[in-house]
Amino acid sequence: MILIIDDDIAVCTSLALLMRKEGFDVAAAQNPEEAFAILQRHEVILVLLDMNFSNNTTGEDGLALLQQLKELKPALPVVLITGWATIDLAVKGMKLGAADFLHKPWQNAHLVQVIRTALVVNKKETAKQQEIQPTTRRLLDKQLDLGQIVGNDPSLLQVLQTVGRIAQTDASVLILGESGTGKELIAEAIHQNSQRSKRPFVKVNLGGVSTNLFESELFGHVRGAFTDARFDRTGRFELAHRGTIFLDEIGELDLSSQVKLLRVLQDRTYEVLGSSKTKTVDVRVVCATNRNLEEMVASGAFREDLLYRINLITLKLPALRERPDDIPLLVQFFIHNLGQIYHRPNLAISREALKWLKQLNLPGNIRQLKNLVERTILVSTKDLLEIEDFQQNYQISNQKTTVENQKSILPDVGSMTLEEMEIQMIRRAMEFYRGKVARVAKALGLTRSALYRRLEKFNIPFDED
């Protein structure tokens with residue numbers, strides 16, 4: 001049963017009709033006394049709580065009742081609803097344990113989505129607390145599509161296990177981890193194992209979006225909205241409608257852009273730049289950062305209400321130094337894929353070289369390891385890679401310089417952009433595998449959806465597998 005607590009009988013009636021239409025049993029209370037009486041008699045699975053009673057519009061009544069509800073039933077999900085919303089009120093409610101926070105007037109579809117997400121997350125978190133056996137990679141591979149995620153370390157498996165629990169929900173997810181730890185792959189795994197997997201997965205690198213272009217990039221613009229706006233542009237949120245939007249490097253977003261982002265995350269509405277028409281979006285939000293957002297909140301560099309909006313579920317990825325036994329698996333994976341791309345199917349690595357790589361300091365994590373392996377393959381003419389083949393390239397990797405004997409293989413610094421290099425590699429792989437997208441994606445260490453996005457972005461022709 002869902003319990004509605006609101007002193008406005010019209011609101012109670014409206015919400016009750018909506019909940020019954022969605023298949024829920026409903027009870028309504030217009031004050032705390034009635035609410036606790038219902039809680040004693042019935043099994044309540046979720047509470048919709050108004051923040052104000054009588055003539056009080058500060059929200060203190062609702063916060064006090066929320067605290068009492070959480071003391072009585074700590075696991076009971078409570079969704080707050082108010083027509084007198086303030087930033088402080090939202091943050092206080094989330095700190096006290098509210099599952100979410102909505103404004104009046106609400107959108108029925110969004111309200112139902114919030115309720116179903118809160119119920120599923122609560123069920124899965126309860127099940128998590130009851131689990132006593134650690135999972136295995138083999139079991140996870142049977143249950144989930146994990147794409148190109150490589151590793152057997154318990155800390156990684158715990159993250160993947162959580163992905164399996166929350167993927168089917170619409171809960172917002174915040175992925176934390178150092179640069180190069182694979183945050184984008186985790187975001188894609190969440191999408192691929194969700195009910196939105198057939199819909200778009202749209203990635204936005206917020207660190208590369210300037211303040212002036214933020215609204216245009218995320219919400220789109222109409223022709224003439226500003227100088228040089230010669231055509232209408234579809235924003236990233238609209239592209240991600242009914243799918244997943246991945247907001248990478250969210251810790252790099254300036255405060256003015258954070259305000260604009262908060263509105264769409266909170267109300268699921270936005271306005272295209274240059275248009276007064278409000279649009280509604282249905283999207284699952286996954287964010288990632290290598291920054292400490294709590295410290296940024298304390299220093300005033302990141303909005304506390306935005307942090308609570310994006311981190312209903314938080315995943316912390318381990319650094320590569322914390323999972324050294326996965327390094328040989330990753331190296332073998334890279335050698336296999338790169339050997340196919342560079343037409344060197346006999347490539348292998350010695351046992352001694354694998355042991356040497358395990359003890360390296362790799363501050364760039366998996367990304368640095370992959371670059372080291374690829375650079376070594378490009379430079380070495382041998383099929384069996386030894387320690388000495390990696391040593392010089394490791395020094396170059398840490399010093400961020402260029403090796404002279406690579407100039408015949410790699411372009412000179414400044415002669416080709418990273419995007420141009422990516423295009424060249426994808427074209428070579430497409431030619432080698434005769435356009436077979438599935439095989440190209442596997443060889444490049446990408447998911448098929450990630451490769452499709454790049455093929456479309458770079459206008460590279462392909463045939464459907």
Side-chain angles (χ1 to χ4, degrees), residues 85 87 90 103 172-176 179 183-184 187 200-241 243-311 414 416-423 450 453-454 456-459:
I87 293 173
H103 299 164
S172 60
V173 181
L174 176 62
I175 306 172
L176 303 176
S179 295
K183 296 187 288 293
E184 182 178 351
F201 175 82
V202 177
K203 177 189 174 184
V204 186
N205 186 335
L206 295 176
V209 179
S210 67
T211 303
N212 294 336
L213 295 177
F214 177 82
E215 287 184 90
S216 174
E217 184 72 21
L218 269 69
F219 311 134
H221 66 251
V222 298
R223 181 181 177 183
F226 54 85
T227 305
D228 295 331
R230 300 184 178 90
F231 306 97
D232 290 353
R233 176 189 174 91
T234 302
R236 298 298 186 93
F237 270 95
E238 186 171 349
L239 292 173
H241 184 57
T244 302
I245 190 165
F246 175 47
L247 303 177
D248 198 8
E249 297 189 25
I250 194 167
E252 306 303 319
L253 207 57
D254 65 274
L255 287 171
S256 63
S257 298
Q258 290 177 31
V259 175
K260 298 167 185 174
L261 178 61
L262 181 62
R263 178 191 171 187
V264 67
L265 298 187
Q266 187 163 273
D267 300 333
R268 294 300 193 268
T269 62
Y270 65 95
E271 291 179 0
V272 175
L273 192 61
S275 170
S276 59
K277 184 179 179 180
T278 299
K279 289 193 172 186
T280 301
V281 65
D282 172 13
V283 67
R284 202 245 182 97
V285 179
V286 180
C287 301
T289 183
N290 60 4
R291 306 281 297 275
N292 187 321
L293 296 186
E294 292 185 351
E295 288 183 357
M296 293 180 66
V297 168
S299 67
F302 200 85
R303 294 179 63 97
E304 189 173 24
D305 51 343
L306 179 57
L307 175 59
Y308 277 96
R309 182 60 63 184
I310 64 176
N311 75 339
M416 182 180 288
T417 65
L418 286 174
E419 183 171 277
E420 289 169 338
M421 292 179 68
E422 185 176 20
I423 293 171
R453 292 197 306 275
R454 286 165 172 80
E456 292 173 354
K457 176 182 177 181
F458 301 139
N459 294 318

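Distance alone, capped at 3.5 Å, is enough to place a donor-acceptor pair between the Gln258 side chain and the Ala301 backbone. In terms of modelled atom types and a separation under 3.5 Å, the side chain of Asp232 and the main chain of Arg223 share a donor-acceptor contact. Proximity of a side-chain donor or acceptor of His221 to a complementary backbone N or O of Ser216 within less than 3.5 Å is not detected. A donor-acceptor contact shorter than 3.5 Å links the side chain of Arg454 to the backbone of Ala450. Side-chain N or O atoms of Ser275 include none that pairs as donor or acceptor with a backbone N or O of Val272 at under 3.5 Å. Looking only at distances, a side-chain donor or acceptor of Arg236 sits under 3.5 Å from a matching main-chain atom of Lys203. Side chain of Thr289 to backbone of Glu252: no donor-acceptor contact under 3.5 angstrom is found.
The pair Arg291-Glu249 fails the salt-bridge criterion, with no side-chain N (NZ, NE, NH1 or NH2) lying under 4.0 Å from an Asp/Glu carboxylate O. For the pair Lys279 and Glu271, the salt-bridge criterion is not met [side-chain N within less than 4.0 Å of a carboxylate O].
Of the N and O atoms on the side chains of Gln266 and His103, at least one donor lies less than 3.5 Å from an acceptor on the other residue. A donor and an acceptor atom, one from each side chain of Ser256 and Asp254, are located under 3.5 Å apart.
Not a single salt bridge (Lys or Arg N to Asp or Glu O under 4.0 Å) links Glu295 to another residue, sequence neighbours left out. Under the ring-ring contact (aromatic ring centres under 6.0 Å, His included) criterion, Phe302 pairs with no residue at all, not counting sequence neighbours. Applying the salt bridge (Lys or Arg N to Asp or Glu O under 4.0 Å) rule to Asp267 yields no partners; only residues at least two apart in sequence or on another chain are considered.
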- Residues Phe237, Ile245; criterion side-chain contact (heavy atoms from CB on, under 4.5 Å); working and verdict: CA-CA 7 Å; Phe237 270 95; Ile245 190 165; 4.0 Å; yes

- Step by step, work out the side-chain contact (heavy atoms from CB on, under 4.5 Å) result for Val286 and Leu247. CA-CA 6 Å; Val286 180; Leu247 303 177; over 6 Å; no

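Among all heavy-atom pairs drawn from Phe246 and Cys287, the shortest one is CE1-C, 4.2 Å. Between Pro200 and Ala240, the shortest heavy-atom contact is CB-CA, 4.4 Å. The minimum heavy-atom distance between Arg309 and Ser172, with the atom names listed, is O-OG, 3.1 Å.
One distance of note links CG of Leu262 with CG of Leu307; it measures 11.0 Å at 0.5 Å rounding.
Ring-plane geometry between Phe214 and Phe219 is classed as perpendicular, the angle between the planes exceeding 60 degrees on a 0 to 90 degree scale with a lower cut at 30.
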